J.: 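This is the structure, below, for whatever I ask next.
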Number of protein chains: 2
Amino acid sequence: MQNRSVTIKDIAKMLNISVATVSRALRDTYDVNAETRQKVLDMARQLNYKPNFNATGLAKGSTHNIGIVLPFITNYYFSTVITGIQEIAYENGFNITLYLTNDSEERELSIIENLSVSSLDGLLVSTSSLSSVHFQELIDMGIPVVFFDRVAKEVVTSKVMQDDFNGAVEATEHLVKNGYRNIAHITGPRGLILTEKRVQGYLSVLEKYQYPVREEWIVYSGFSQESGEGDVNHLLQSADMPDAIFASNDRKAVGAMQALKKRGIAIGSEIGVIGFTNDPISTIISPTLSTIAEPAFDIGKKSCELLLKHITKKNFIPEEVILPCRLIERESTRR
Amino acid sequence: MQNRSVTIKDIAKMLNISVATVSRALRDTYDVNAETRQKVLDMARQLNYKPNFNATGLAKGSTHNIGIVLPFITNYYFSTVITGIQEIAYENGFNITLYLTNDSEERELSIIENLSVSSLDGLLVSTSSLSSVHFQELIDMGIPVVFFDRVAKEVVTSKVMQDDFNGAVEATEHLVKNGYRNIAHITGPRGLILTEKRVQGYLSVLEKYQYPVREEWIVYSGFSQESGEGDVNHLLQSADMPDAIFASNDRKAVGAMQALKKRGIAIGSEIGVIGFTNDPISTIISPTLSTIAEPAFDIGKKSCELLLKHITKKNFIPEEVILPCRLIERESTRR
DNA sequence: CTCCATTCCGGTAACGTTCTCGCTATTAAA
DNA sequence: TTTAATAGCGAGAACGTTACCGGAATGGAG
């Protein structure tokens, strides 16, 4: 093993001073002469010294590491959130380690079970499970957790999400204003706050305009394109067809559009479609897809900022941040 | 600080045995009685013991951590590769920490400079810079590096990539067989192996069929949708227009298609378009996009497997793995 | 000239784990 | 029965860093 890297001992030996002084010099300037501090820094650079995070972690009880737990990264929303997280983490000298649950409750549990809590300063999570005791346990053990997007209701900690309720209101109201009257909503699984809020927003608009509300026009399923297709096929079997579809997700909306196209139904003129996310595909598909833009990047940044506050200030009071969405009108809702 | 977590000392104290025995019992079964081993495991579970990776890392000189360095994750290819990496890492009890370079050479350098090499067992990288001395330094320091996709020519280590040459051959030949004769190629930046190989594959087919080769029909630029649009606008200014476009990337192909649509040029019948990647958008855009499917997930898995071999076997002989691509015919190349 | 406060530095014990070595039983061989 | 081998365990150092505390040197006030 020739790859023994240089340590503060080496620096100390070189300068004939103690490791304690070197350690102080490298961090804060407390109790150390400006001149010796400079000598230490110079020598550190010269020897190409890199701090050993394991040792620091052991001694200080804190690492430069935060974990991200989320369902997957192969979609626009999550990959953009991560990019935002990474931006803030990088600026503050934190590393991020990634845990993918594949949207499986089991796997999420197993990940949390086997987490080396001692090598993590905090956790950013978008959960895939309805229960949240495993996260509560983490918090009780003293490691801060911040939720984003798919948040856990019961846990008291900081949470960051888009304004799902008002986003849904805007989407539905946009359909109303464009002359659609029989509006269906295809959405994610029950139990998710995100799902509930969007349904509430949708219903509130129907109520406001005294438009028809039908049980069978609210379809709960997954977030994938396939489920969007399935949902529409299901909807079109009902006796009275809706003339507009609000999908809780652009991928679902795309699936819906594909299903409509297959049946020769004209999107826009016959049935309006609006999505949620502002995934780039919404500008690529034809007709282009109206949608509610989510501030994914900012959600990532904000989540990370909050987590860092939890980490640095021991008794930081949890904040729930709701970032606004924005309606983007395109062709799919034009009559 | 009430969050002192349980250590092997606690287990040892509970069972009235030494920490050394506990340590051995928790790992291999070497030098420890089956019965005591069981008692230790039971007690560990009962106390909810989680190993401290920092301590392990310090003592063993190895962490359970591998780093991934890549340009970004907000596209289908890279996010899928990461998912593959993560799969293998998870199976083997490794964590992955993510470093995004934003496709900036500067940032990549800064990341490598500040890397805490001691907290990393190995590195998986898709580089954004033409030079590669910084990676060579890492390898010299004894930390294994495996390249994927955007590999560094000069560094001797394991590399995993798709078969860019033959993929390009298949794409070009597919255009030839569908009756296109004047075939242009819009591709990524010069200097990338991946770019070079695809150009070579493209040229080899033109040569084979003795089809026209024009300097101005090979356009080097970026990988984005915008650059695809720009490339086509540039191409259409040339005196003799091509009747087919081979794009080195689906996003570029989409940009190209958008540009063609804007000019009212019929895709397929007038100008054929084929991409590379098999991004899901290729089935969503209309007409659907023919493309060369890359084995992104398998590239991730294979890269990680190789890295783990480098990590465990000190003198593992580097392997260069080339995974096959696959032609997918869709509407954009149908006359 | 004495005394005290301040500045700066060093020694040393932690942090949680693994590793090396040596010791004690126990078993097998003679 | 004696001896050698082996299985199982413990003591203590080490990994690189930080935290705590004590002490030497310096300067200024009296």
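All of these numbers come straight from a predicted model, not from anything done at the bench. To find a chain, count down the sequence lines: A is the first, B the second, and so on, and within it residues start at 1. Quick note: numbers below take in every heavy atom, side chains included, and nothing from hydrogens, waters or symmetry partners.
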J.: How many whole angstroms separate atom CG of L58(B) from atom C1' of dA14(C)?
T.: 13 Å
J.: Cation-pi between R107(A) and Y99(A): NZ/CZ under 6.0 Å from ring centre and within 45° of the ring axis?
T.: no
J.: Checking T83(B) against T80(B): is there a side-chain donor and acceptor pair closer than 3.5 Å?
T.: no
J.: Across the strands shown, which category fits Y49(B) at heavy-atom distances under 4.0 angstrom: base, sugar-phosphate, nothing?
T.: sugar-phosphate
J.: What is the distance from atom OG1 of T157(B) to atom CD1 of I317(B), rounded to the nearest 0.5 Å?
T.: 12.5 Å
J.: Using a 4.0 Å heavy-atom cut-off across all strands, classify Y30(B) as base, sugar-phosphate, or nothing.
T.: nothing
J.: Go along nucleotides 7-12 of chain D 5' to 3' and tag each nucleotide: B for a protein heavy atom under 4.0 Å from its base, S when only backbone or sugar atoms are that close, - otherwise.
T.: -BBBB-
J.: How close or far is atom P of dC15(C) from atom CD1 of I8(B), stated in whole angstroms?
T.: 13 Å
J.: Roughly how many Å is it from CG in N52(A) to P in dT17(C), rounded to a whole number?
T.: 16 Å
J.: Should the ring pair F94(B) and H64(B) be called parallel, tilted or perpendicular, given that the plane angle runs from 0 to 90° and is split at 30 and 60?
T.: tilted
J.: State yes or no: are the ring centers of F147(A) and F135(A) separated by less than 6.0 Å?
T.: yes
J.: Under the rule for ring-ring contact (aromatic ring centres under 6.0 Å, His included), what residues qualify as partners of Y77(A), not counting sequence neighbours?
T.: none
J.: In this structure, how many angstroms lie between the C1' atom of dC9(C) and the CD atom of E35(A), rounded?
T.: 14 Å
J.: Expressed in angstrom and rounded to an integer, what is the separation of I11(A) atom CD1 from dC9(C) atom C1'?
T.: 17 Å
J.: Categorize S23(B) for me: base, sugar-phosphate, or nothing, with a 4.0 angstrom heavy-atom threshold over every strand shown.
T.: base
J.: Less than 4.0 angstrom from a charged side-chain N to a carboxylate O is my criterion; do R37(B) and D42(B) meet it?
T.: no
J.: Starting from the C-alpha separation in whole Å, work towards a yes-or-no answer on salt bridge (charged side-chain N to carboxylate O under 4.0 Å, His left out) for R150(B) and D103(B).
T.: CA-CA 11 Å; R150(B) 303 199 192 170; D103(B) 213 359; 3.0 Å; yes
J.: May I have the distance from K60(B) (atom NZ) to dC15(C) (atom C1'), rounded to whole angstrom?
T.: 18 Å
J.: Measure CZ/R27(B) against P/dT17(C) and give the value in whole Å, please.
T.: 11 Å
J.: Where do L306(B) and E319(B) come nearest, in terms of heavy atoms and distance?
T.: CD2-OE1, 3.6 Å
J.: Taking five pairs at each end, how big is the angle between the two axes of the helix from dC1(C)-dG30(D) to dA30(C)-dT1(D), to 10°?
T.: 50°
J.: Would you mind reading off the distance between K9(A) atom NZ and dG10(C) atom C1', rounded to a whole angstrom?
T.: 15 Å
